[in-house]
Asker: 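The structure's right below; bear with me while I get my questions together.
Start at 1 with the first residue, then count along the sequence.
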Amino acid sequence: MVATNTTAKKPARTTRQTKSAEKIAQSTEQKLVQLLADTPVQTFPYSRLSHTGLNTRIIPHTDQEVEEMADSIQAMGILQNLIGAELPDGTIGIVGGEGRRRGTGILVMRGVLDADTPFVPVKVLPVEMAVAASMIENGRRKNMHPAEQIIGFRTLQQEGKTASQIGALMGYHPRHVQRCLKLANLAPSLLDALARDAISLEQCEVLTLADTHERQEQVWKEAVEQWRDPAVQTLRRMVTDDKMAISHPMFEYVGEEAYTAAGGTLTADLFSDKDSTFADAALVKSLLAGKLTVLAARVKQEQGWGWAEFRMTELRASGEDGEQYRFAMPKAVLTEEEQKRVSELEEQMEATESYDDEYAIQEQIDDIYCEATYREATPEFRAAHGIWVSWDGDNFRVQPGIRRLTDEDRVAEEQAREERESNVIRHTTPDIPADAYPATLVKAMSAERTLAVQAELAGRPDVSVALLTWTLCLSMFDRSYGKRSEPLKASVSSNQYHLASLAPSGEEGKALTALKAQKEALQATLPENWHLDFTWLLSWSAEQVNTLLGFCAAHGINGIQERMYNHTQKSELDGLEAALDFDLRKWWQPDAESYFGKLTIAQIGKAYEEAGLSARAGEIVKLKRRDAAKAAEQDLNAQGWLPDWMVRTSPTAEAEEATETDAHTTDHAA
């Protein structure tokens, strides 16, 4: 990035080269100061003074500033001399003090001063020192705008100075000067926008990657229209969309020598932390196409193929390619030695722990198969087939054994397809009479019919229960996924697998074992083709139907408690357990491994206290946790103890809790 002042910024660690530049800058500035001190002040009339492009201050003073300067000069005179250089036309071009010159001009317009009366003090320097003096003088008085520094360096270059000479003269590293000169070649409209702060310095730096002023202005205009103040990275993508980094595999394959020989030029990004150089993408792709075309012809000749074609993209078996070509390369036939080597490599691959090693071994296996495949491609086969050369992103790719389809091939393939299809048993969907009527009418009438069926079914509980039972059975017992008519949209999904994976008892638990046995017994009672309709249930007794319905409904129960925001959800099983008069002890009791072993010593002691074994609790808490867990399994199960949070709250406790909640709410209200 170009600095915004006229003195080089000192980095945190000063290199020897930077120190040298600083010494040169100090020496140059000292020489200029001494030159200015030794140059006598001359008084010139306003008419002798002129504006000059040698002045690096391109952002003019405002009219108000000039008016104020004129008032100051009228009151106190010119307190500091101007700096100028004698121009070929005889005038003194002001390179330092343009604002004071303009202020004097206002006094002439007011009639306070005569234009031809000597009044303005000026030190006149040689023209070759004027720009340097202007940059130092303006930089001292006010930090220079980047655009002014850029124009100053360009002026020095136009005088014949190199980047190194400009750097030595002004105290900047040559790299910094090169960047300024690169910016100086921007379109004039963009430099003007930079001076007006309508575009940032970073945005200008990116636009230098565009090769022409027209391209620079076009990209900036499009970017502003789309994003108003485009991000630097966005602007960079737009500028380089027709370019390619020379680090790209495509450019590396073509080679810089071939690129420059074809008239290509490289564009360097001087403002990147790591130098980035770009090439013309269209030219690189054109050269790549030519190079791969030659490669295809050479491979065709060397390997004896009948034809060769090149395209940037690979040949595919589908789409338009599939209508014109077929992959016909014969399959590899390995020798005994090759098969043995492949087996050894596969064993090595299974033993390796590194992905890179595995990839390297796979490459060896692929090479063996590739060699065997090419071996099967006889000279006669190659003469009748061709190769397809393409670019896969990093390198060229050769697809061998390609057959071009002839009209005879297409006819033969069509006949073979027809023969295959004639041997396929086709299932046709019968005509539905409703298809002859408008879809909106059919939908409306079906809604009317549905309401009527619902009303009728609501008065026939025997059929309703049978239908519900059958529908749930389809979810529990039927493993066929064929299409069937299910008028009742109800289902139950068994979560036994998930529950068994979570529950400590797992597949061997008493509850799961009982459910499996009941399922086998019920499934054995189902008639043949029971899944086709539900009417067979109408002949079953109410007890049989209820047994089957109850079994299916039970599988829809889900009482898993999740914890969110450090708060465990209340169990949804309490009400159901009360209706069942449920006792968990019948199905599960805590043991040392799955429950007590998960508790802290203090929690095990608390369990003893809840079981009425407070005296024993004092002994247990002194044991190691493993021993305490084993003791708890024996002692607490003998008492029929269960964790309080796994047992439903008694009606008395619920009433007491509700009373406490109401009292607490009343207190707050009071």
Asker: For E408 and T406, does a side-chain donor sit closer than 3.5 Å to a side-chain acceptor?
Answerer: yes

Asker: Tell me which pairs pass ring-ring contact (aromatic ring centres under 6.0 Å, His included) where either residue lies in residues 333-370, with sequence neighbours left out.
Answerer: none

Asker: With sequence neighbours excluded, what pairs up with T208 under the side chain to side chain contact (heavy atoms under 4.5 Å, CB included) test?
Answerer: K182, L183, L186, F271

Asker: I'd like to check the side chain to side chain contact (heavy atoms under 4.5 Å, CB included) partners of K243; sequence neighbours left out, ordered by chain and number.
Answerer: D211, T240, T267, F278

Asker: Does a sphere of radius 6.0 Å around CZ in R410 hold more than 12 heavy atoms from other residues, nucleotides or ligands, not counting ones at 6.0 Å or beyond?
Answerer: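 It does: R410 CZ has more than 12 such atoms within range.
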
Asker: Which pairs pass ring-ring contact (aromatic ring centres under 6.0 Å, His included) with one or both residues in residues 377-401, sequence neighbours excluded?
Answerer: Y253-W391, Y325-W388, F381-H385

Asker: Tell me, which pairs form a salt bridge (Lys or Arg N to Asp or Glu O under 4.0 Å) where one or both residues lie in residues 366-388, sequence neighbours left out?
Answerer: E338-R375

Asker: Sequence neighbours left out, what pairs pass side-chain hydrogen bond (donor to acceptor under 3.5 Å, both in side chains) with at least one residue falling in residues 218-230?
Answerer: Q203-D229, Q218-E222

Asker: With E320, which residues qualify under salt bridge (charged side-chain N to carboxylate O under 4.0 Å, His left out), at least two apart?
Answerer: none

Asker: Is it the case that more than 12 heavy atoms not belonging to K285 sit under 6.0 Å from its NZ atom?
Answerer: no

Asker: So, using side chain to side chain contact (heavy atoms under 4.5 Å, CB included) as the criterion, who are the partners of R341 when residues are at least two apart?
Answerer: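 Listed in chain order: E344, L345, Q348, Q364, I368.
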
Asker: Name all pairs fulfilling the salt bridge (Lys or Arg N to Asp or Glu O under 4.0 Å) condition that reach into residues 321-331, sequence neighbours left out, sorted by first residue then second.
Answerer: R311-D321, R326-E413

Asker: How would you list, by chain and number, every residue that makes a ring pair (Phe, Tyr, Trp, His ring centres under 6.0 Å) with F310, sequence neighbours excluded?
Answerer: none

Asker: Just to verify, what does S247 make a side chain to side chain contact (heavy atoms under 4.5 Å, CB included) with, not counting sequence neighbours?
Answerer: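 In terms of side chain to side chain contact (heavy atoms under 4.5 Å, CB included), with neighbours along the sequence ignored, S247 is linked to A245.
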
Asker: Salt bridge check, E414 against R417: does any charged N sit closer than 4.0 Å to a carboxylate O?
Answerer: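 Salt bridge: yes.
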
Asker: Applying salt bridge (Lys or Arg N to Asp or Glu O under 4.0 Å), which residue pairs with at least one partner in residues 246-263 are found, sequence neighbours left out?
Answerer: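 Residue pairs passing salt bridge (Lys or Arg N to Asp or Glu O under 4.0 Å), neighbours aside: none found.
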
Asker: Can a salt bridge be assigned to the pair R215 and D241 using a cut-off of 4.0 Å between side-chain N and carboxylate O?
Answerer: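 Looking at D241 together with R215, the answer is yes, because their closest N to O distance falls below 4.0 Å.
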
